[in-house]
S.K.: 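My structure is below; once you've seen it, I'll send some questions.
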Amino acid sequence: MKEKEKESVIKIADLSFAYPSRDAVFRKFNFNFFKGERIGLVGSNGSGKTTLFHLIMGLLNPSEGKIEIFGKERKIENDFVEVRERIGLVFQDPDDQLFSPTVAEDIAFGPLNLRKNHQETKKILKKTLEILGLSGFEDRITYNLSYGEKRLVSLATVWAMQPEILLLDEPTIWLDEETIERIVQILNSYSHLSYIIISHDKKFLKETTNCIYLMDNGKINRT
Amino acid sequence: MKEKEKESVIKIADLSFAYPSRDAVFRKFNFNFFKGERIGLVGSNGSGKTTLFHLIMGLLNPSEGKIEIFGKERKIENDFVEVRERIGLVFQDPDDQLFSPTVAEDIAFGPLNLRKNHQETKKILKKTLEILGLSGFEDRITYNLSYGEKRLVSLATVWAMQPEILLLDEPTIWLDEETIERIVQILNSYSHLSYIIISHDKKFLKETTNCIYLMDNGKINRT
Amino acid sequence: MHISEGILSAPVLITGVSLTATAVGYGLKKMDYKQMPKVAILSSVFFVASLIHVPLGPSSVHLILNGVTGVLLGWSAFPAILVALALQGVLFQFGGITTLGVNTFNMALPAIICFYLFNRGVRSENNFIVLILAFVCGFLAVLLSGVMVAAALVFTGEPFIQAAKLVIIAHLPVMILEGVLTAFCIGFLRKVRPEILNV
Amino acid sequence: MIKEKFSEGDSFFHKLDPRVKIIVALFFSVIVAVTDKYTSLSGGLLFAVGAVAVARLRTKEIVSRLLVVNSFIFFLWLMLPFTFPGKNIYTLGSLNISQEGIKYAFLITIKSNSIILAGIALLSTSSIFNLVHALRHLHFPDKLTQLFFFTYRYTQTIHSEYIRLNNAIKIRGFKARTNFHTYRTYAYLVGMMLVRSYDRSKRVYNAMLCRGFKGKFWTLNHFVFKKSELITGIMMISYIIGLVLLP
Ligand SMILES: Nc1ncnc2c1ncn2[C@@H]1O[C@H](COP(=O)(O)OP(=O)(O)OP(=O)(O)O)[C@@H](O)[C@H]1O
Ligand SMILES: Nc1ncnc2c1ncn2[C@@H]1O[C@H](COP(=O)(O)OP(=O)(O)OP(=O)(O)O)[C@@H](O)[C@H]1O
Ligand SMILES: [Mg+2]
Ligand SMILES: [Mg+2]
């Protein structure tokens with residue numbers, strides 16, 4: 001049992017990365033994430049938190065180093081297809097995530113890409129909306145929602161893919177306490193879920209994660 | 001003196017408003033804001049806080065009711081020209097506010113529209129940057145600023161117009177504690193300023209405002 | 001600068017459709033799925049820009065910006081402009097089905113010409129040269145579109161010669177305005193996000 | 001927000017399969033555009049007006065659309081009667097008004113209005129998204145329909161971005177005039193929209209990848225073809241063919 005729990009699902013070794021014509025964000029960066037972990041990620045603006053998430057999802061390519069996810073090394077675009085099906089990333093800006101006209105279509109996008117059939121997709125859709133308290137939002141036009149509503153819907157779009165690991169980039173921004181409370185409850189009631197949450201909201205992190213990592217100067221450290 | 005203080009500068013009576021093909025956000029809404037007041041505005045997501053600010057600035061038009069600002073009823077686009085010169089709105093998202101290539105050009109835009117000449121504008125620019133701790137930012141490209149810096153610059157663009165009343169929509173979002181502290185100090189050191197601040201950040205509101213209004217179900221109430 | 005339905009002769013319409021279909025096909029072939037969001041989102045910008053009315057003396061005109069479209073999108077400008085015009089047709093009834101080919105060609109060919117003429121130039125090191133070239137780009141794109149609209153009318157029938165001349169004359173101030181706007185706009189892009197100009 | 005003014009409703013045309021509507025609209029437009037016979041065109045105008053009536057759309061909106069369309073036509077009315085060679089029926093100073101010229105301008109007016117009205121009744125009564133779905137079912141190039149789909153979705157986002165930026169210039173006391181300050185401001189506005197859109201396009205593509213996108217769009221709602229709709233389509237097309245056969 002102990003062994004199983006220690007199964008590392010994300011393993012980053014000696015990774016270096018820089019945006020074109022910018023200083024390096026990471027230099028020989030190391031990070032391990034284990035199954036079942038629920039960690040918070042903090043660090044000042046521009047310390048590279050979002051960049052780390054994008055590297056894990058294969059949206060950016062490191063100049064050096066090794067990324068191993070689910071026990072396999074991930075290098076080229078094709079390696080990340082599986083990663084993206086099993087790890088769900090909620091973007092910092094919900095408008096980037098909601099590209100379909102209606103809430104229902106947007107939530108269905110992921111499951112349909114995973115080749116779920118229509119019936120299954122509809123079922124997932126209904127359940128996801130229920131869990132996130134969004135029932136009745138099906139036919140709302142995504143770009144008319146308030147910021148808070150957009151946030152919840154963008155969480156829903158990822159939730160509908162039933163990922164094993166969630167990467168949440170500032171999930172509580174623009175949300176009021178009630179909605180934050182709902183998210184806390186949802187996260188806590190799905191105890192099998194592993195996740196990493198980037199947030200400036202200390203209270204929220206305390207309620208949802210077991211430990212906090214600090215990102216600073218291209219290094220990551222448990223606090 | 002008492003009388004003077006009670007001079008109502010924003011007076012909203014029986015106002016109704018709905019976004020096209022949506023339920024009403026306000027129904028027979030009433031609100032008064034007096035000179036010298038510094039109030040906080042809280043309420044859950046979608047309760048209409050941002051909408052209220054936009055109605056005051058004439059960016060949205062009510063279907064019913066009366067908006068009186070600086071003692072004059074404001075109805076058509078032209079009525080709001082004066083309002084916009086005397087009330088400064090800082091948007092919820094700084095990206096909505098900044099459109100010029102450089103910080104200097106963006107801050108100068110307001111004063112130039114107020115028909116200030118070049119010399120005056122330069123002076124205002126310099127002073128504004130100083131007050132907000134942004135000296136040296138003149139030629140920075142606004143688009144490339146960090147979120148926190150954008151927030152400060154968007155405050156600066158409004159500050160440069162020397163408004164009598166400030167409407168701040170979630171000013172502390174994305175900011176680190178240090179920057180928030182700076183904003184608290186600036187606001188407190190300009191004691192002649194009246195303002196309304198929308199924020200979910202209770203600590204910040206406590207330090208900058210005298211009383212808190214709660215927006216709920218299309219009604220506003222002092223708490 | 002749309003030509004309304006029902007005016008042009010069948011040969012002109014058919015020529016327009018076939019030329020546009022070929023060019024759009026080529027543009028689509030050159031565009032892969034990865035570029036889709038970029039082409040689509042820039043195409044939306046030009047659609048939205050066409051809703052912006054700018055004062056010009058006593059009246060106002062809407063922005064066209066096909067020169068910038070060409071410089072930024074290259075051959076993808078053809079499908080992008082086709083989509084934008086089709087949207088205008090369905091949403092506002094500016095133009096309809098049969099003129100879609102001609103209208104797209106009139107807007108998009110100048111865009112491609114601008115792409116080949118200025119694509120290098122607007123990346124020059126010299127600020128002044130860029131400004132001048134950008135002005136010419138905006139000016140020329142509208143001029144060429146005007147000439148093509150005029151040509152479509154003239155090929156339809158001799159009696160349209162007067163109308164064709166007027167179309168070009170009426171667009172003269174618009175050319176200047178588009179030139180000025182394009183110059184400022186390219187200047188903005190250069191300062192803020194030079195990568196965009198590197199197609 | 002950019003509204004699809006005519007797409008809401010529950011008339012016969014609103015409910016009709018968009019594939020049928022697209023084919024009929026295309027057929028109708030082409031026929032009317034190339035026909036020069038009065039009898040056929042009268043029948044065409046009748047069809048278009050009838051279709052608009054059946055679609056039960058707001059007259060005021062229709063009229064305002066027609067006004068825009070007819071502004072270019074009006075401009076032709078000012079020239080064609082004088083420049084078209086033909087029988088002189090009236091002399092205005094040194095200008096001759098020809099009968100053929102008037103006839104020709106009249107013909108253009110009927111054609112143009114018929115096509116636009118039919119377009120409103122047949123196409124604008126569907127939402128853009130349904131039209132694009134229909135084009136996919138009609139085997140339009142996949143890339144083109146996807147481009148359509150995307151462009152329209154982001155048209156809305158960028159339009160509201162524009163509204164917000166426009167609000168930003170308004171609240172800072174901007175007034176549009178014919179001068180450099182105004183043109184520079186608008187150029188900056190467009191420039192800002194371009195820059196932000198460019199960056200957004202990259203982020204959106206990433207978001208799509210993260211949700212398992214592999215180059216194909218799957219749709220949630222599929223049309224089911226009903227026999228009755230096929231028959232309706234055939235009837236309308238027969239009517240249009242009938243128009244051509246008229247003497
Ligand atoms: N697309 C980009 N091109 C160039 N530089 C970038 C880009 N995105 C981010 N950066 C830079 O890389 C660094 C790390 O950015 P990142 O967004 O990962 O920080 P973050 O920790 O998520 O910050 P925040 O808390 O503000 O979201 C910053 O200095 C930022 O300016
Ligand atoms: N442009 C719009 N079109 C349609 N509906 C809108 C629009 N903007 C806001 N709404 C709706 O109006 C209601 C009030 O929105 P508003 O943005 O004023 O709320 P808010 O109190 O500022 O919320 P938040 O805390 O999330 O910023 C919400 O239900 C929202 O969905
Ligand atoms: Mg970040
Ligand atoms: Mg708000």
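Chain A is the first sequence line, chain B the second, and so forth, proteins listed ahead of strands; every chain is numbered from 1.
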S.K.: Out of C:Ile64, C:Leu63, C:Ile176, which residue meets the side-chain contact (heavy atoms from CB on, under 4.5 Å) rule with C:Leu181?
M.R.: C:Leu63

S.K.: For C:Phe46, is it the side chain, the backbone, both, or neither that has a heavy atom closer than 4.5 Å to a heavy atom of chain D?
M.R.: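 The answer is the side chain of C:Phe46.
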
S.K.: Examine whether an atom of D:Val32 lies under 4.5 Å from a heavy atom of chain C, and if so say whether it belongs to the side chain, the backbone or both; otherwise answer neither.
M.R.: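 Neither part; nothing is under 4.5 Å.
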
S.K.: Where the side chain of D:Ser40 meets the backbone of D:Leu243, is there a donor-acceptor pair that is under 3.5 Å apart?
M.R.: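 Yes; at least one donor-acceptor contact below 3.5 Å.
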
S.K.: Examine whether an atom of D:Ala118 lies under 4.5 Å from a heavy atom of chain C, and if so say whether it belongs to the side chain, the backbone or both; otherwise answer neither.
M.R.: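 D:Ala118 has no heavy atom closer than 4.5 Å to chain C.
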
S.K.: Measuring heavy-atom distances to chain C, does D:Tyr104 have an atom under 4.5 Å in its side chain, in its backbone, in both, or in neither?
M.R.: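 Answer is side chain: those atoms of D:Tyr104 sit under 4.5 Å from chain C.
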
S.K.: Non-hydrogen atoms of chain D under 4.5 Å away: do they reach the side chain of C:Leu42, the backbone, both or neither?
M.R.: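 Contact with chain D is through the side chain of C:Leu42 alone.
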
S.K.: Quick one: does any side-chain atom of D:Arg211 pair with a main-chain N or O of D:Ala207 as donor and acceptor, under 3.5 Å?
M.R.: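 No, because the side chain of D:Arg211 does not come within donor-acceptor range (under 3.5 Å) of the backbone of D:Ala207.
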
S.K.: Looking at D:Asp199 and C:Arg193, is there a salt bridge between them, counting it only when a charged N and a carboxylate O are closer than 4.0 Å?
M.R.: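 A salt bridge links C:Arg193 with D:Asp199.
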
S.K.: Pick from C:Gly95, C:Pro159, C:Ala163, C:Gly6: which one has the most heavy-atom pairs with chain D under 4.5 Å?
M.R.: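 Heavy-atom pairs under 4.5 Å are most numerous for C:Pro159.
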
S.K.: Look at C:Val180, C:Ile186, C:Leu87 and state which one has the largest set of heavy-atom pairs under 4.5 Å with chain D.
M.R.: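 The option with the most such pairs is C:Leu87.
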
S.K.: Does any heavy atom of chain C fall under 4.5 Å from the side chain of D:Ile158, the backbone, both, or neither of them?
M.R.: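 Both parts, backbone and side chain.
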
S.K.: What do you reckon, is OH of C:Tyr33 surrounded by more than 12 foreign heavy atoms closer than 6.0 Å?
M.R.: yes

S.K.: Would you call the rings of C:Phe92 and C:Phe94 parallel, tilted or perpendicular if under 30° counts as parallel and over 60° as perpendicular?
M.R.: tilted

S.K.: Could you look at C:Ala84 and say if it's the side chain, the backbone, both or neither that has a heavy atom under 4.5 Å from chain D?
M.R.: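 Contact with chain D: none, neither part.
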
S.K.: Answer yes or no: does atom CZ of C:Arg120 have more than 12 heavy-atom neighbours from other residues, nucleotides or ligands under 6.0 Å?
M.R.: no

S.K.: D:Phe75 versus chain C, heavy atoms under 4.5 Å apart: side chain, backbone, both or neither?
M.R.: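 Side chain only.
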
S.K.: Of the listed residues (C:Glu158, C:Gln35, C:Met31), which shares the most heavy-atom pairs with chain D below a 4.5 Å separation?
M.R.: C:Met31

S.K.: So which residue, C:Gly157, C:Pro37, C:Gly25, ends up with the most heavy-atom pairs under 4.5 Å with chain D?
M.R.: C:Pro37

S.K.: Looking at D:Asp36 and D:Lys111, is any side-chain nitrogen of the basic one under 4.0 Å from a carboxylate oxygen of the acidic one?
M.R.: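 Result for this pair is yes, salt bridge flagged.
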
S.K.: Measure distances from C:Lys29 to the heavy atoms of chain D and classify the residue's part below 4.5 Å as side chain, backbone, both or neither.
M.R.: backbone

S.K.: Can you say whether C:Leu13 sits under 4.5 Å from chain D via the side chain, the backbone, both, or neither, judging by heavy atoms?
M.R.: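 C:Leu13 touches chain D through side-chain heavy atoms alone.
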
S.K.: Could you state the interatomic distance from CD (D:Glu8) to OG1 (D:Thr125), rounded to the nearest 0.5 Å?
M.R.: 12.5 Å

S.K.: Does any heavy atom of chain D fall under 4.5 Å from the side chain of C:Val90, the backbone, both, or neither of them?
M.R.: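 Answer is both: backbone and side chain atoms of C:Val90 are under 4.5 Å from chain D.
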
S.K.: Donor-acceptor pairs under 3.5 angstrom involving side-chain atoms of residues 50-58 of chain C: please list them, not counting sequence neighbours.
M.R.:
{"from": "C:Ser50", "atom 1": "OG", "to": "C:Phe47", "atom 2": "O", "distance (Å)": "2.6"}
{"from": "C:Ser50", "atom 1": "OG", "to": "C:Gln88", "atom 2": "NE2", "distance (Å)": "2.8"}

S.K.: Taking atom CZ of D:Phe82 as the centre, does the number of heavy atoms from other residues, nucleotides or ligands within less than 6.0 Å exceed 12?
M.R.: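 Enclosed.
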
S.K.: Among pairs that include at least one residue of residues 178-190 of chain C, which meet side-chain hydrogen bond (donor to acceptor under 3.5 Å, both in side chains), considering only residues two or more places apart or in two chains?
M.R.: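 Only C:Asn127-C:Arg190 qualify under side-chain hydrogen bond (donor to acceptor under 3.5 Å, both in side chains).
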
S.K.: Side chain from CB out, backbone as N, CA, C, O: work out which of these in D:Ile115 comes under 4.5 Å of a heavy atom of chain C, or both, or neither.
M.R.: side chain

S.K.: Restricting to ring pair (Phe, Tyr, Trp, His ring centres under 6.0 Å), what partner residues turn up for D:Phe213, sequence neighbours left out?
M.R.: D:Phe217

S.K.: Between D:Thr157, D:Ile116, D:Leu107, which shows the greatest number of heavy-atom pairs under 4.5 Å with chain C?
M.R.: D:Ile116

S.K.: Could you tell me which residues in residues 180-196 of chain D have at least one non-hydrogen atom under 4.5 Å from a non-hydrogen atom of chain C, sorted by residue number?
M.R.: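 Under the 4.5 Å heavy-atom cut-off, D:Phe180, D:Thr182, D:Tyr183, D:Arg184, D:Tyr186, D:Ala187, D:Tyr188, D:Val190, D:Gly191, D:Met192, D:Met193, D:Leu194, D:Val195 qualify.
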
S.K.: Examine whether an atom of C:Val192 lies under 4.5 Å from a heavy atom of chain D, and if so say whether it belongs to the side chain, the backbone or both; otherwise answer neither.
M.R.: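 The answer is the side chain of C:Val192.
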
S.K.: Got a sec: does the CZ of D:Phe140 have more than 12 other heavy atoms crowding it under 6.0 Å?
M.R.: no

S.K.: Hey, does the side chain of D:Ser112 reach the backbone of C:Glu5 with a donor-acceptor pair shorter than 3.5 angstrom?
M.R.: yes

S.K.: C:Leu82, C:Leu189, C:Ile7: which one forms the most heavy-atom pairs within less than 4.5 Å of chain D?
M.R.: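 Heavy-atom pair counts peak at C:Ile7.
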
S.K.: So which part of D:Lys5 gets closer than 4.5 Å to some heavy atom of chain C, the side chain, the backbone, both or neither?
M.R.: neither

S.K.: For residues C:Tyr26 and C:Phe78, establish whether the separation of their ring centroids is below 6.0 Å.
M.R.: no

